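Worksheet for the structure shown next.
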Amino acid sequence: MLRRFHPYFRHLKSNRSTLFAAIFYGLLFGVTSGLGLPVLIKYVFPPIFDRQDPPLAAATVWLIVASVPVIFLLRAVSGYLNSYYVQLTGVRILEGVRLDYFRKLQWLPLSFLQRKASGDLISRGMADTAQLQFTLSLLANDGIKQPMQLLGALGFLLWQAFTTDGALLVLVCLAVVPLTVLPVHYVGKKIVKRAAQMQSQLGDVSSHFLENLSAAREVRAFGLESREIDRFGEAAGRLVTAQMKIVKYAQALTPAIEILSALGIAVTLLFAYRAGVKWDTFLAVITALYLCYEPIKKIGYLNSELNRGAASVDRLETVLNEPLAITDPAQPVPVTKLRGHIAFEDVTFAYGDSPALQKVSASIPAGTVCALVGPSGAGKSTFANLVPRFFEAGAGAVTIDGIDVRAMKLADLRRNIALVSQEPVLFNDTIYNNLALGAATASREEILAAARLAHAHEFILKLPQGYDTVVGERGALLSGGQKQRIAIARAFLRHAPILILDEATSALDSDSEAAVQDALRRLVTGRTVLIIAHRFSTIRDASMILVLDHGKIVAQGDHASLYAGNALYKSLYDRQQGAV
Ligand code: ADP
C-alpha cells in the first residue's frame with residue numbers, strides 16, 4: 001500500500017530539512033505522550049500521596065508538581081511543531097504534484113483531451129491532488145506520532161509486566177490490543193473502491209459546472225435552466241450517495257475500537273480485583289492502555305485515508321502515466337525555416353474505430369493557396385490537423401519539403417505553421433500580450449505593424465485603454481470580427497511559411513467582413529495556405545482546391561474545372577449560392 005505513494009515522496013527531496021524537523025518533533029511527541037504520562041502516574045506522583053517520614057523536601061515537591069506541566073508542554077510544543085512542519089511539507093508536495101499534472105496536460109495529445117471531460121480533468125488536478133496531499137500529510141503526521149506513542153505505551157506495559165506483581169493483568173491487557181486491529185483492516189478494504197467512486201462523482205459534478213458555464217447563452221436561449229438544474233441535482237445526489245458510503249465505514253471505525261477497548265478495560269478490572277493489584281499500578285496500566293488505543297484508532301483512520309489517497313493516486317496516474325503519443329523523435333532532422341511544400345502520402349487516420357481519412361495523397365507546392373472543400377464530416381479538419389501533428393497519421397506519411405513531420409522536433413515544425421481558427425481564443429490579458437503570444441522576440445513596433453496589417457490597429461486604438469485593454473475571459477469584450485483580426489495579426493507575427501486557416505462559418509457584420517477579408521488576403525500572400533473552407537467566396541480565389549468526401553480526396557483542380565467536371569463540388573457550390 002505505502003509503495004503506491006512512493007513516487008510522490010520525490011517532491012520531499014527539496015524539502016528535506018522540513019521533513020526531518022517534522023520527524024524529530026513527531027518522535028518527541030510520541031515519547032512524551034506514550035511513555036511520559038504512565039511514568040508520572042506510576043513513579044513520580046506516588047510520593048505525594050504516601051505520607052512519608054521525614055516529609056518530602058520542598059524542592060522535591062516542586063519538582064514533582066512541575067513535572068506535569070513540563071511533560072505536557074513538551075508534548076504540546078512538539079505536537080504543534082510536528083503538525084506545522086508536516087503541513088508545510090504537505091502543501092509543498094501538493095504544489096509539486098499539481099505542477100507535474102499541469103505540465104503533463106500541456107503535452108498530452110489532443111485526442112486524449114477530447115476523450116476526457118474537462119471538468120473531470122480539473123477535478124483530478126484539484127480534488128485528487130488535495131486528497132493526496134491530505135493523505136501524505138496525515139501519513140507524515142500520524143504515521144510517526146501515533147506508532148511512537150503506541151510503542152511508548154506498549155514499552156511501558158511490557159516493562160511493567162516484567163517488574164511488577166500484576167504481570168498477568170498486564171499480559172491480559174496486551175492480548176486485547178491486537179483484537180482492535182481487526183476492524184481497522186476490514187474498514188480499510190471497504191473504503192478503497194468507494195473512494196474511487198466518490199472522486200469520479202466529484203469529477204462529474206465539476207464537469208457539469210464547466211459545461212453549464214460554457215453554455216450559458218444556450219441554456220438561456222433554449223430555456224434549459226430547469227433541465228440543467230435537474231441534471232446537476234442528479235450528479236450532486238450521486239456524489240452524496242458516494243460520500244455517505246465512505247462515511248458509513250470510516251465513522252464506524254472509532255466506535256468499534258472504543259467498544260473493544262471498553263471490553264479490555266472491563267476484563268482488566270476483573271483481573272485487577274482478583275489479583276489484588278494496587279491502585280497506582282492499575283491506574284498507570286489503564287492510562288498506558290488508553291494511550292495504546294488512541295494511536296490504534298488514529299492509525300485506523302490513517303489507514304482508511306491511505307486507501308482514499310490510493311484511489312486518488314490511481315486517478316492522477318491515469319493522466320500522469322498516459323503515454324505522450326506525439327513526441328520529439330530521438331534524432332530529429334534539424335529544421336530552421338521550411339519552404340512549405342506539403343505532401344500527403346497514402347495517409348490513413350481514424351479517431352478510435354471510425355476512419356476519418358483513407359489513403360489520402362496530395363501534393364501542395366510551396367506558396368499555394370489550397371482550399372479544402374467537402375460536406376461536413378468529410379475530413380477537412382482532420383486533414384489540416386495532421387500537418388502540425390495535432391494528431392498522428394495511422395499509416396502513410398505527411399511531409400513538408402520532403403521531410404516527414406515525425407522526423408522534426410515538434411517545436412521546429414510548429415514554429416513554421418501559423419493557425420487562424422474559426423473562433424480564435426484570447427487569454428484574459430491585455431490586447432498587447434494577446435498579440436505577442438507566440439512571438440516572444442517581437443518588438444513593440446513589429447507588433448503594432450502586424451496589428452495594422454490585420455486591420456486591428458484602428459479598433460484597438462478606440463478601446464478604453466488601447467493596447468493595454470484587458471479582453472476578458474476568452475476575449476469576451478471583443479466582437480467575433482475583432483477576435484478574428486487579432487488572430488490574423490498573431491499569424492503575421494509568426495512569419496511562418498505555412499498557414500492553416502479555419503474559416504469562420506458564421507458571417508461577420510459587413511464592416512468586419514471586409515476588413516477580415518482584406519487582412520486575410522494580405523496574410524495568405526507568399527505562404528502555403530490550407531483553408532478549411534466553409535464559404536465559397538474565398539474558395540474561388542484559391543489556386544488549388546481539394547474536394548473531400550467520406551475521408552477521401554474525390555477531385556482536385558481549380559474552381560472553373562471543378563464546377564464543370566465534379567458533381568459534388570457543383571452541388572455544394574450551388575447550394576451555397578442559393579443560401580446567400
Ligand atoms: P470536416 O472538417 O470535414 O467537417 P472532420 O475532419 O472534422 O470533418 O471529421 C471527419 C470525421 O471524423 C467525421 O466523421 C467526424 O465525425 C469524425 N471526427 C472528427 N473529430 C473527431 C473526434 N475528435 N473524435 C471522433 N471522431 C471525430
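The model shown is predicted, which means the values in this text are computed figures rather than measured ones.
Contact record, G143 with P147: O-CG, 3.1 Å, taken as the closest heavy-atom pair. Nearest approach of N82 to A22, heavy atoms of both residues: ND2-O, 2.6 Å. Minimum interatomic distance between I326 and P109 (heavy atoms only, all atoms of both residues): CD1-CB, 4.3 Å.
Within the 4.5 Å cutoff, the side chain of L463 has heavy atoms near those of the L478 side chain. Residues R16 and L19 fail the side-chain proximity criterion, which asks for heavy atoms closer than 4.5 Å. The shortest distance between side-chain heavy atoms of K483 and E423 does not fall below 4.5 Å. Using a 4.5 Å cut-off on side-chain heavy atoms (C-beta onward), Q146 and L150 make no contact. For the pair K297/L253, no side-chain contact is recorded, criterion being any heavy-atom separation below 4.5 Å from C-beta on. Side-chain contact between D314 and D128 is absent, with no heavy atoms from C-beta onward closer than 4.5 Å. The side-chain heavy atoms of I64 and P47, taken from C-beta on, include a pair separated by under 4.5 Å. L435 places a side-chain heavy atom less than 4.5 Å from the side chain of Y467.
A distance-only check finds no donor-acceptor pair linking the side chain of R194 to the backbone of A242 [under 3.5 Å]. Here the side chain of E446 pairs a donor or acceptor atom with the backbone of S443 at under 3.5 angstrom. In terms of modelled atom types and a separation under 3.5 Å, the side chain of R490 and the main chain of L419 share no donor-acceptor contact. Without hydrogens or angle criteria, N434 side chain to V425 main chain gives no donor-acceptor distance under 3.5 Å. Q106 places a side-chain N or O within 3.5 Å of a backbone atom of F102 that can act as its donor or acceptor partner. Between the side chain of K104 and the backbone N or O of L320, at least one donor-acceptor pair lies under 3.5 Å. Without hydrogens or angle criteria, D142 side chain to I299 main chain gives no donor-acceptor distance under 3.5 Å.
In this view, D204 and R238 satisfy the salt bridge (charged side-chain N to carboxylate O under 4.0 Å, His left out) rule, not counting sequence neighbours. Under the ring pair (Phe, Tyr, Trp, His ring centres under 6.0 Å) criterion, F209 pairs with F232, not counting sequence neighbours. Legend: residues meeting side-chain contact (heavy atoms from CB on, under 4.5 Å) with A418, ordered by chain and number and at least two apart, are A491, R494, A496, L499. F20 is linked by a ring pair (Phe, Tyr, Trp, His ring centres under 6.0 Å) to nothing, counting only residues two or more places apart in sequence or in another chain.
Going from atom CG of L94 over to atom OG1 of T89 covers 11.5 Å, rounded to the nearest 0.5 Å. Taking OG1 of T32 as the start and CE of M148 as the end, the distance is 10.0 Å to the nearest 0.5 Å. How far OG of S78 is from CG of L73: 9.0 Å, rounded to the nearest 0.5 Å. Rounding to the nearest 0.5 Å gives a distance of 11.5 Å between OG1 of T469 and CG of D429. Here the CZ atom belonging to F134 is positioned 8.5 Å from the CD atom belonging to Q87, to the nearest 0.5 angstrom. Atom CG of L202 and atom CD of Q197 lie 13.5 Å apart (nearest 0.5 Å).
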Evaluate side chain to side chain contact (heavy atoms under 4.5 Å, CB included) for L306 paired with T135, printing each intermediate quantity in order.
-> CA-CA 6 Å; L306 282 178; T135 306; 3.7 Å; yes
Trace of the side chain to side chain contact (heavy atoms under 4.5 Å, CB included) decision for L37 with R75 | CA-CA 10 Å; L37 215 52; R75 182 176 190 265; over 6 Å; no
T318/E322 under side chain to side chain donor-acceptor pair (under 3.5 Å): CA gap, chis, key distance, verdict = CA-CA 6 Å; T318 336; E322 174 73 19; over 6 Å; no
Start with the C-alpha gap between L413 and V335, add the side-chain angles, then the distance that decides, and say whether side chain to side chain contact (heavy atoms under 4.5 Å, CB included) holds.
-> CA-CA 8 Å; L413 168 68; V335 166; over 6 Å; no
Give the C-alpha distance, both sets of side-chain angles, the deciding distance and a yes or no for side chain to side chain contact (heavy atoms under 4.5 Å, CB included) between R308 and M198.
-> CA-CA 9 Å; R308 296 181 66 167; M198 197 205 81; 3.7 Å; yes
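Within 6.0 Å of CZ in F156 there are more than 12 heavy atoms belonging to other residues, nucleotides or ligands.
The stretch residues 22-80 participates, sequence neighbours left out, in these ring-ring contact (aromatic ring centres under 6.0 Å, His included) pairs: Y43-W159.
Under the 3.5 Å distance criterion, with hydrogens and angles disregarded, a donor-acceptor pair is assigned to the side chains of E305 and Q131.
Comment: E234 does not engage R231 in a salt bridge, judged by the lack of any side-chain N to carboxylate O separation of less than 4.0 angstrom.
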Which side-chain N or O atoms in residues 114-121 pair as donor and acceptor under 3.5 Å with protein atoms at least two apart or in another chain?
{"from": "D120", "atom 1": "OD1", "to": "R315", "atom 2": "NH2", "distance (Å)": "3.4"}
{"from": "D120", "atom 1": "OD2", "to": "R124", "atom 2": "NE", "distance (Å)": "2.9"}
{"from": "D120", "atom 1": "OD2", "to": "R124", "atom 2": "NH2", "distance (Å)": "2.9"}

